[in-house]
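First listed ligand is number 1; within each ligand, the first listed atom is number 1.
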Amino acid sequence: MPALVVVGAQWGDEGKGKIVHFLGRGADWVVRYQGGDNAGHTVVFDGQKYALHLIPSGILQPGVKNVVGDGVVVNPLAFEGEVRMLERRGIKVRGRLFLSLSAHVILPTHVYLDTLREEGGRGIGTTKKGIGPCYEDKVARIGIRVADYLDASSFRKLVRQSLKVRAAELTKVKPLKKIEAEVFAGYEARRRFLARFAADTGLLLDAARRKGARILLESAQGSMLDLDHGTYPFVTSSNPVAGGACVGAGVGPTTIGAVNGVTKAYTTRVGLGPFPTEVEGHLARYIREVGKEYGVTTGRPRRIGWLDLPQLRAAIRMNGLTSLTMTKLDTLSGVHPIKVCVGYRLRGKKIAEFPIARRDQLDVLPVYESFAGFSGDLKDARKFSDLPLGAREYVLAVERKLGVPILIVSVGQSREQTIVRDAKALWG
Ligand code: IMP
């Protein structure tokens, strides 16, 4: 059975957690392939809310096995905290969650470096979770992997080496000896905790694939935050795009059969950087309040904008999307008119594609098409035909303009509030 990749088609926070949770019912394995606890999903399951940052939302689905993959950066404290939270709430985790031995470990040093840079005038609005500095160490080949973390003597040696390399910056925070003590504090207990989950996850997934298991590969963040393809330098430090799924899960491209891109019915972004269709004022405040557009990880208010078709076309291209999911359509109820960006003007010239140069990304002016909008409560719609005519027209017009089927429409947080237009087409 070919694997399905679910990616964010915008700047993150598209509602992937809910969709992965929804699709998880039909999967045997759910794999997170990049990022760390910078991500945040709120998933509603059995009427209860769960905020997950690191562990795939497949964990809420009994029987589904979950992997935190090779490409993820893992803060052992966050990992343990999340496992304990789930267990406290009655979710069975042991035997269903596997942590890659190749994943890199986030230490307090990385959090200090992230915060130092953010607050020292070089900020891009990160989540200050140490994600960037951890990936930097990985690329600099001084990173510490889960396999190293589990080996106490390697771990101690590698920590001292990395402290030496980063000493000039770290001593601005506090004396190195103090930082070293913080890194080692509670280490033994955490090492033993992590050891229960650590595995060669590439091997596990390969065995599952050979047996015909359904594997769902879940990205964190969004395509426009991709290190290579996003709005650089206002990006995260990994590859959320579908190509990243192979690298970050340790599976080959031939494993993948389909890619679903999740987009809101409008656009949001947190952190700094270009956002061509951003709106401010009353409308932004209205959508932020109705859509509860505040970061799950940082609580920051999200920036709000209209749907941006050139941006989505770029996401379709860079991910090879075979289908789309549109979330939060209910939030736009009562908004008249609804605008959609169909192209840009750049210094007087019409352009159709999302530009690459950073100045162009800031300077483009959106060209909009308007839709009348719709009213009424969409939360009880379960079939596409239950939606008000204006809502259907909006979805169908976006689908037609993008040339990719919108197979799922979400009208609320809970799993039931999901309209699947063609379930068979999803997995390819
Ligand atoms: P970092 O990933 O913490 O290094 O932050 C880099 C950029 O990615 C910033 O603009 C963050 O706001 C953004 N970012 C990171 N994780 C998420 C997420 O899960 N949702 C939305 N934006 C995110």
Original post:
Which atoms of ligand 1 have any heavy atom of G271 under 4.0 Å away?
Top reply: 10 (O), 12 (O)
**OP:** State plainly whether the residues E136 and R117 are in salt-bridge range, i.e. N to O under 4.0 Å.
**Re:** yes
Subject >> Residues E218 and K16 bridged, charged N to O under 4.0 Å >> reply: no
Subject >> Numbering as shown, the atoms of ligand 1 that approach V270 to under 4.0 Å (heavy-atom distance) >> reply: 10 (O), 12 (O), 21 (C), 22 (N)
**OP:** Could you list which atoms of ligand 1 come closer than 4.0 Å to a heavy atom of W11?
**Re:** 21 (C), 22 (N)
Original post:
Do side-chain atoms of R166 reach the backbone of L113 as a donor and acceptor pair under 3.5 angstrom?
Top reply: no
Subject >> Short side-chain to backbone donor-acceptor contact, D363 and Q361, under 3.5 Å >> reply: no
Original post:
For ligand 1, is V235 a contact, meaning one of its heavy atoms is under 4.0 Å away?
Top reply: yes
Original post:
Within the side chain of D148, is there an N or O that forms a donor-acceptor pair under 3.5 Å with the backbone of I144?
Top reply: no
Subject >> Atom of R313, atom of L402 and distance for their closest heavy-atom approach >> reply: CG-CD2, 3.9 Å
Original post:
Using heavy atoms and a threshold below 4.0 Å, how should the contact between F234 and ligand 1 be classified: side chain, backbone, both, or neither?
Top reply: neither
Original post:
Any nitrogen or oxygen of D13, main chain or side chain, under 3.5 Å from a nitrogen or oxygen of ligand 1?
Top reply: yes
**OP:** Any atoms of ligand 1 less than 4.0 Å from a non-hydrogen atom of L225? List them with their elements.
**Re:** 8 (O), 13 (C), 14 (N), 22 (N), 23 (C)
Original post:
So is there a nitrogen or oxygen of T127 less than 3.5 Å from a nitrogen or oxygen in ligand 1?
Top reply: yes
**OP:** Could you tell me whether R191 sits above the aromatic face of F155, with NZ or CZ closer than 6.0 angstrom to the six-membered ring centre and within 45 degrees of the axis?
**Re:** no
Original post:
At under 4.0 Å between heavy atoms, which part of T126 makes contact with ligand 1: side chain, backbone, both or neither?
Top reply: both
Original post:
With atoms numbered from 1 as shown, which atoms in ligand 1 lie under 4.0 angstrom from a non-hydrogen atom of G125?
Top reply: 9 (C), 10 (O), 11 (C), 12 (O)
**OP:** Establish, for the pair R415 and F45, whether the NZ or CZ atom is under 6.0 angstrom from the six-membered ring centre and no further than 45 degrees off its axis.
**Re:** no
Subject >> Per-atom contacts, ligand 1 versus T236 - under 4.0 Å to a heavy atom >> reply: 1 (P), 2 (O), 6 (C)
**OP:** Distance to 0.1 Å, residue and atom name: give those for the protein heavy atom nearest to atom 19 (O) of ligand 1.
**Re:** A39 CA, 3.2 Å
**OP:** Identify which of R302, Q221, M224, K128 has a heavy atom lying nearest to atom 16 (N) of ligand 1.
**Re:** Q221
Original post:
Atoms of ligand 1 less than 4.0 Å from R300 heavy atoms?
Top reply: 11 (C), 12 (O)
Original post:
So, for F98 and W29, is the gap between ring centers shorter than 6.0 Å?
Top reply: yes
Original post:
What pair of heavy atoms forms the shortest contact from R421 to I406, and how long is it?
Top reply: NH1-O, 2.9 Å
Subject >> Proximity to ligand 1 by part of T298, non-hydrogen separation under 4.0 Å >> reply: neither
